[in-house]
A.B. asks: 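One structure, as structure tokens, below. Some questions next.
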Number of protein chains: 2
Amino acid sequence: MIESSPPPSATSDELTTDGGRNEFGENLRKLRKDKKMTLADLATASGIAASTLSRAERGLLGLTYDRLSQLADGLGVDMAELFGTGGASFQKNSISVARLGEFELQTTPNYTYEMLFSDVWGKAMTPMAGVVKAHSRLAFDDFIRHPGQEFVFVQSGQLTIYTEANEPVTLEAGESAYLDSSMGHVYTSAGDEDARILVVCLGRGDSA
Amino acid sequence: MIESSPPPSATSDELTTDGGRNEFGENLRKLRKDKKMTLADLATASGIAASTLSRAERGLLGLTYDRLSQLADGLGVDMAELFGTGGASFQKNSISVARLGEFELQTTPNYTYEMLFSDVWGKAMTPMAGVVKAHSRLAFDDFIRHPGQEFVFVQSGQLTIYTEANEPVTLEAGESAYLDSSMGHVYTSAGDEDARILVVCLGRGDSA
DNA sequence: AAAATAAATTGCGTATACGAAAATTATGTG
DNA sequence: CACATAATTTTCGTATACGCAATTTATTTT
């Protein structure tokens, strides 16, 4: 087990940081091999020494921004792909089915919902199906926020969406909305009936 | 004008490297200010010294991978957003609404569907709503494929999904599936009634 | 306007990134 | 198996990232 010696002030992040660096390195080696490149090939293509690339792949060093830029160029990928966002890879040639009532209902004061496909690794979208019990914005202490984008579809009932940067919008059954989920938002049922909705989140974290 | 002295072997990349670093720094400062954070706030949130953050924002240094990871966490963004990548950017603080019948119906022999939010730039998910007129796999010349992942939800009726790598699956109303869309697939209605479905695609291209 | 406070930048010592060359390991060929 | 070649890793010296404390600049308060 190789021991790296991070700066003293980073002690609390030591495990996290090392873990991230190793994952990055593994992804880098995978990308390189997928393209049938040797370290020397990539060194030529990127302008980074083969020795540095080898160390990066083994998580022995953390590349600087400049080197990361060069690497993305050398590999012909963008930065996002270089970081292989989403640790587990999505199973190729797979299809998963969510049966009615298959997933455990999660209950909060304001929502009752199922997290669909919670057992599917590496999926980029997070679908959720449920019922909005909140009928007033006052039911919420604060807005919900998480990085990414969100699609919400109203199956039945009437839904009002409050956001911190826009006028509230009300959707009827069959209607939908698409929003920046990093902006504070809450969903409330707008009629007598609890609205039934389907939500698909993209990005880290989830809505509810 | 501050002068940095890069390694001799990086001379040919000097301008490019500095340029990239300055852009990154500007984006970082923008992200931080958008969130109403001081350097000290972000230093606390990320575990990186304020002086380092200041230098990074002014392009005076290139952060290492470890620091970049901490930064993304501290800012609550993913790496892609940190680098400001992605062609057209999704409008921050936006919400778009798709009303019933708002979008033009697109008709093929096998499907009638609306491409929801077709006017929204930079969205990563492509939602579609429609009806499956095909009741037999024989209606299709070939499977449909496109890179990425796909979520399909059955609003009404019964849907059978044929894929090239799996046994067919049949979904009832309220059920859904999540699949690798690069794998050949077709959707067919399975009962007398045309199934009504909602599809959300992620990745380049779209299904139908 | 002066004083107080907040925010950003600079100075300096230590740790780590980095490249070139040498050494080691892995692979291919006769 | 021996040898040649390719690929990767290690060594070592130099440059740069990094954090803490001090200083400067910007903003707010009186």
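Reminder, nothing fancy here: chain letters follow the sequence lines and each chain counts from 1.
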A.B. asks: Any idea which of dA8(C), dC12(D), dA17(D) is nearest the Thr38(B) side chain?
C.D. replies: dA8(C)

A.B. asks: With respect to the phosphate group of dA17(C), does any side-chain polar atom (N or O) of Arg67(B) fall under 4.0 Å of OP1 or OP2?
C.D. replies: no

A.B. asks: Check whether any side-chain N or O of Arg32(B) sits under 4.0 Å from OP1 or OP2 of dA7(C), and answer yes or no.
C.D. replies: no

A.B. asks: How many whole angstroms separate atom CZ of Phe24(B) from atom P of dA17(D)?
C.D. replies: 13 Å

A.B. asks: Rounded to the Å, how far apart are Leu53(B) CG and dA8(C) C1'?
C.D. replies: 11 Å

A.B. asks: Considering only side-chain heavy atoms of Ser54(B), which listed nucleotide, dT9(C), dT8(D), dC18(D), is closest?
C.D. replies: dT9(C)

A.B. asks: If you check the Thr64(A) side chain, which of dC18(C), dT9(C), dT8(D) turns out closest?
C.D. replies: dC18(C)

A.B. asks: Using whole Å, report how far CG of Leu42(B) lies from P of dA6(C).
C.D. replies: 19 Å

A.B. asks: Nearest whole Å is fine: how far is dA15(C) C1' from Tyr65(B) OH?
C.D. replies: 20 Å

A.B. asks: Charged N to carboxylate O under 4.0 angstrom, Arg145(B) versus Glu164(B)?
C.D. replies: yes

A.B. asks: Grab the CG-P distance between Leu61(B) and dG19(D) for me, whole Å please.
C.D. replies: 9 Å

A.B. asks: Of the nucleotides dG19(C), dA8(C), dT10(C), which one has an atom closest to the side chain of Ala49(A)?
C.D. replies: dG19(C)

A.B. asks: Among the nucleotides dT10(D), dA17(C), dA8(C), which one has an atom lying closest to any side-chain atom of Ser51(A)?
C.D. replies: dT10(D)

A.B. asks: Say whether Asp41(B) and Thr38(B), considering side chains only, have a donor N or O and an acceptor N or O under 3.5 Å apart.
C.D. replies: yes

A.B. asks: Report yes or no: is there a donor-acceptor pair, N or O only, under 3.5 Å between the side chain of Arg55(A) and the base of dG19(C)?
C.D. replies: yes

A.B. asks: Is the shortest side-chain N to carboxylate O distance from Glu57(B) to Arg32(B) below 4.0 Å?
C.D. replies: yes

A.B. asks: Evaluate the side-chain proximity of Leu75(B) to Leu28(B): yes if any heavy-atom separation is below 4.5 Å, no if none is.
C.D. replies: yes

A.B. asks: Rounding to a whole Å, what distance do you find between Arg58(B):CZ and dT25(D):C1'?
C.D. replies: 12 Å

A.B. asks: Which pair of heavy atoms, one from Met125(B) and one from Phe151(A), lies closest together, and at what distance?
C.D. replies: CE-N, 3.8 Å

A.B. asks: Whole angstroms only, please: what is the CD-P distance between Glu57(A) and dT9(D)?
C.D. replies: 7 Å

A.B. asks: Looking at the side chain of Leu39(A), which of dT9(D), dG19(D), dT9(C) is the nearest nucleotide?
C.D. replies: dT9(D)

A.B. asks: Rounding to an integer number of Å, can you tell me how far Leu63(B) CG sits from dA17(C) P?
C.D. replies: 13 Å

